[in-house]
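Following: one structure in structure tokens, then a few remarks.
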2 protein chains.
Amino acid sequence: MNSQETESSFLENYNIHEFDIPLTSVDMTIFTIEDDTLKILLVKRAQFPSKGEWALPGGFINLKADDTLNDTVSRKLKEKTGVEISHLEQVATYGSASRDPRGWSVTISYMALISNNNITLTADESSEEVVWLPIEEIQKNYQLAFDHSTILAECYQRLKSKVQYTSLPINLLPNTFTLSELQKTFELILGYGIEKKSFRRRLLAADIIAETGEMRVGSNRPAKLYCPKSSSKEHLFQRSIEGPRE
Amino acid sequence: MNSQETESSFLENYNIHEFDIPLTSVDMTIFTIEDDTLKILLVKRAQFPSKGEWALPGGFINLKADDTLNDTVSRKLKEKTGVEISHLEQVATYGSASRDPRGWSVTISYMALISNNNITLTADESSEEVVWLPIEEIQKNYQLAFDHSTILAECYQRLKSKVQYTSLPINLLPNTFTLSELQKTFELILGYGIEKKSFRRRLLAADIIAETGEMRVGSNRPAKLYCPKSSSKEHLFQRSIEGPRE
DNA sequence: TATCATAATGTCTTTGTGACACTAACTTAG
DNA sequence: CTAAGTTAGTGTCACAAAGACATTATGATA
């Protein structure tokens with residue numbers, strides 16, 4: 001290095017491959033609701049390492065194709081689901097020498113919520129199979145590749161805690177829904193029942209949904225259909241939802 | 001690729017340098033309180049790129065020295081402050097082709113809280129100067145290197161929102177403190193005054209601090225000294241702190 | 001037309017917070 | 001020695017929002 005060096009001359013001589021740098025990827029926990037069950041998307045790996053094992057969808061950053069991390073994630077999401085994501089949120093980043101046998105690696109995890117409109121899942125060269133599986137069953141009976149069980153657990157935890165004080169579950173439903181459907185979604189994630197009246201008071205006070213004027217007709221009293229207002233996708237409630245008192 | 005390939009033969013032939021991978025670093029927003037002011041640590045860069053500009057402390061992962069991301073962060077923290085960190089939390093990860101002139105890069109940002117016990121800051125080969133600066137002044141009058149202004153803003157935002165519903169500010173104080181000192185710390189970060197009685201009720205209900213039995217003597221009525229209980233470093237309050245009513 | 005199931009609302013109780021007045025304890029000025 | 005001043009700490013009421021639970025509303029179906 002000489003004293004005549006400028007920023008541009010420095011950059012001309014800079015070679016990224018001189019250094020040991022970690023592999024960097026993104027991984028996604030994509031939630032949806034199917035058959036009154038919270039499910040996430042898993043892929044069966046078609047390539048080494050961990051070939052044949054179940055894993056979260058994800059992949060390496062493509063330095064040519066992607067301008068930002070969000071581009072990487074959007075590209076991967078489109079590859080698997082081909083569908084518009086309702087909510088996308090970065091959760092955490094994991095890095096260590098041992099989490100991937102190929103070497104020091106870093107992965108950035110994302111949580112995505114989509115409404116299940118009979119999406120057609122598409123496998124590609126990196127995955128033999130792409131399926132929705134109930135999250136509770138994965139946590140009980142599946143051993144995921146790499147540290148994906150940990151990543152999954154942290155994303156699920158994030159979802160569960162955000163459900164206590166935000167309107168996030170709206171992103172798991174279609175564009176119109178009844179209040180009972182919305183409440184059921186909250187309860188599914190929280191793991192306990194909540195009071196109908198309090199729940200509706202919260203929604204009303206938050207002013208985040210609007211009546212569509214239409215009704216959902218079933219074999220009982222029809223229910224009003226609602227749609228989210230623009231601000232509703234992640235509204236923070238003033239207090240968090242409490243479970244039943246003892 | 002042949003059909004005889006196994007996981008171990010795959011790994012033998014795997015060369016990380018065949019691929020374009022991004023540079024990966026960590027950056028830290030280290031908060032402390034000095035002279036009743038919230039300050040963070042900045043370094044003046046001694047090397048290209050952005051030589052001479054102010055930046056958040058941080059650096060690249062050392063694949064030989066670090067086993068995990070936390071090792072990288074701990075190492076960097078020790079280099080600059082030489083001090084035990086009270087609270088450390090990953091905040092967000094930024095990646096893009098343009099954020100660093102050396103090429104596609106990813107940085108993982110951390111927020112750290114430490115109590116200011118007259119720490120001696122130490123510069124090293126990568127930084128000419130290491131100083132505590134008031135965060136408000138940085139945001140007004142400083143243009144930081146790379147996207148560090150954005151990273152700083154997001155860490156500050158994280159701190160401010162967590163102060164509303166957790167006991168995080170305890171980590172900015174020494175091991176013993178009075179309730180008034182603690183309240184002042186909350187108010188400093190929140191940016192508004194809070195009610196003494198409600199504040200104390202919350203702390204009592206949370207059961208996160210204990211009387212030491214000692215008193216702080218000044219030129220007025222002496223105040224009881226408290227110390228944190230083990231669970232107190234990030235206790236979640238049942239409701240968030242509200243500002244004054246209109 | 002009666003029954004049933006779910007939708008929607010009314011209202012009382014409980015809980016925790018903001019407001020604010022009040023008491024307590026110590027230093028300092030005179 | 002005493003009164004004034006300042007900060008520490010407590011008592012109490014009003015208010016806001018949530019839980020509990022009863023009640024009414026509205027459709028399908030037998």
Side-chain angles (χ1 to χ4, degrees), chain A residues 36 163-167 173 176-188 190-227 235-246, chain B residues 36 163-167 173 176-188 190-227 235-246:
Chain A
D36 283 334
V163 168
Q164 293 183 324
Y165 60 95
T166 74
S167 62
L173 293 177
T176 71
F177 47 84
T178 69
L179 296 184
S180 297
E181 287 163 359
L182 185 54
Q183 181 173 345
K184 207 176 282 179
T185 306
F186 272 82
E187 292 173 335
L188 196 62
L190 287 169
Y192 52 77
I194 52 184
E195 271 301 315
K196 183 163 61 170
K197 191 63 197 289
S198 338
F199 181 69
R200 289 171 185 226
R201 255 188 324 228
R202 293 169 75 93
L203 288 175
L204 198 71
D207 189 38
I208 51 176
I209 53 173
E211 297 183 15
T212 64
E214 319 243 300
M215 306 290 274
R216 165 141 310 157
V217 212
S219 60
N220 295 101
R221 175 173 174 177
K224 288 181 187 169
L225 280 171
Y226 290 81
C227 64
H235 179 270
L236 273 79
F237 294 117
Q238 298 190 18
R239 306 190 188 173
S240 39
I241 293 183
E242 292 173 33
R245 297 177 177 154
E246 322 84 69
Chain B
D36 282 334
V163 168
Q164 294 183 323
Y165 60 95
T166 75
S167 62
L173 292 177
T176 71
F177 47 84
T178 69
L179 295 184
S180 297
E181 287 164 359
L182 185 56
Q183 181 173 346
K184 209 177 278 180
T185 307
F186 272 81
E187 291 174 334
L188 195 63
L190 286 169
Y192 53 76
I194 52 184
E195 270 301 315
K196 183 165 59 171
K197 190 63 198 290
S198 338
F199 180 70
R200 289 170 183 226
R201 255 188 323 226
R202 294 168 74 91
L203 288 175
L204 198 69
D207 188 38
I208 50 176
I209 54 173
E211 297 184 16
T212 64
E214 319 245 300
M215 307 288 276
R216 166 141 310 155
V217 208
S219 59
N220 295 101
R221 174 173 176 176
K224 288 181 186 168
L225 280 171
Y226 290 81
C227 64
H235 180 269
L236 273 79
F237 293 118
Q238 297 189 19
R239 304 191 189 175
S240 38
I241 294 184
E242 292 173 34
R245 297 181 177 153
E246 323 83 69

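Letters A, B, ... mirror the listed sequences (proteins, then strands); counts begin at 1.
- Between the CD1 atom of B/Ile241 and the C1' atom of D/dA16 there is a distance of 17 Å, given to the nearest Å.
- Closest approach of A/Ile241 and A/Val163 over heavy atoms only: CD1-O, 4.1 Å.
- A donor and an acceptor atom never sit less than 3.5 Å apart when one is taken from the side chain of A/Arg221 and the other from the base of C/dA5.
- Ring-plane geometry between A/Phe199 and A/Phe186 is classed as perpendicular, the angle between the planes exceeding 60 degrees on a 0 to 90 degree scale with a lower cut at 30.
- For B/Arg201 against C/dG18, a side-chain-to-base donor-acceptor contact under 3.5 Å is present.
- The side chain of A/Pro222 lies closest to D/dT26, out of D/dA17, C/dT9, D/dT26.
- Considering every non-hydrogen atom in both A/Gln183 and A/Glu195, the closest pair reads NE2-C, 4.0 Å.
- Looking at heavy-atom distances under 4.0 Å, A/Arg202 makes contact with sugar-phosphate atoms alone, never a base.
- Smallest separation of non-hydrogen atoms from A/Ala206 and A/His235: CB-CE1, 3.4 Å.
- Between the CG atom of A/Leu204 and the P atom of C/dT9 there is a distance of 9 Å, given to the nearest Å.
- Picking from D/dA8, D/dT26, C/dT17 the nucleotide with the shortest atom distance to the side chain of B/Ser198 gives C/dT17.
- A/Glu195 comes within 4.0 angstrom of a base, heavy atoms only.
- OP1 or OP2 of C/dG16 sits under 4.0 Å from a side-chain N or O of B/Gln238.
- Between B/Arg239 atom CZ and D/dC15 atom C1' there is a gap of 11 Å when expressed in whole angstrom units.
- A/Gln164 and A/Arg202 make their closest contact through O-NH2, 4.0 Å (heavy atoms, listed as atom of the first residue, atom of the second, distance).
- Note on A/Thr178: nothing from the nucleic acid sits closer than 4.0 angstrom, heavy atoms only.
- Nearest-nucleotide assignment on DNA chain C puts the 5′-proximal partner with B/Ser240, out of B/Ser240 and B/Ser219.
- Atom CD of B/Gln164 is separated from atom P of C/dT17 by 14 Å (rounded to the nearest Å).
- With hydrogens and angles ignored, no donor-acceptor pair under 3.5 angstrom links the side chain of A/Asn220 to the base of C/dT6.
- Counting atom types as modelled, A/Lys224 pairs no side-chain N or O with a base atom of C/dA8 as donor and acceptor under 3.5 Å.
- Remark: B/Arg200 is in phosphate contact with D/dG9, judged by side-chain N or O atoms under 4.0 Å from OP1 or OP2.
- As rounded to whole Å, 12 Å separates atom C1' of C/dT6 from atom CE of A/Met215.
- The minimum heavy-atom distance linking B/Thr166 with B/Phe237 is given by the pair O-CE1, 3.4 Å.
- Counting distance only, with no hydrogens placed and no angle test, the side-chain atoms of A/Lys197 and the base atoms of C/dG10 include a donor-acceptor pair under 3.5 Å.
- If you measure from atom CG of A/Leu203 to atom P of D/dA17, you get 15 Å, rounded to the nearest angstrom.
- Nucleotide C/dC26 holds its C1' atom 16 Å from the CZ atom of B/Arg216, rounded to whole Å.
- As rounded to whole Å, 14 Å separates atom P of D/dA18 from atom CG of A/Leu190.
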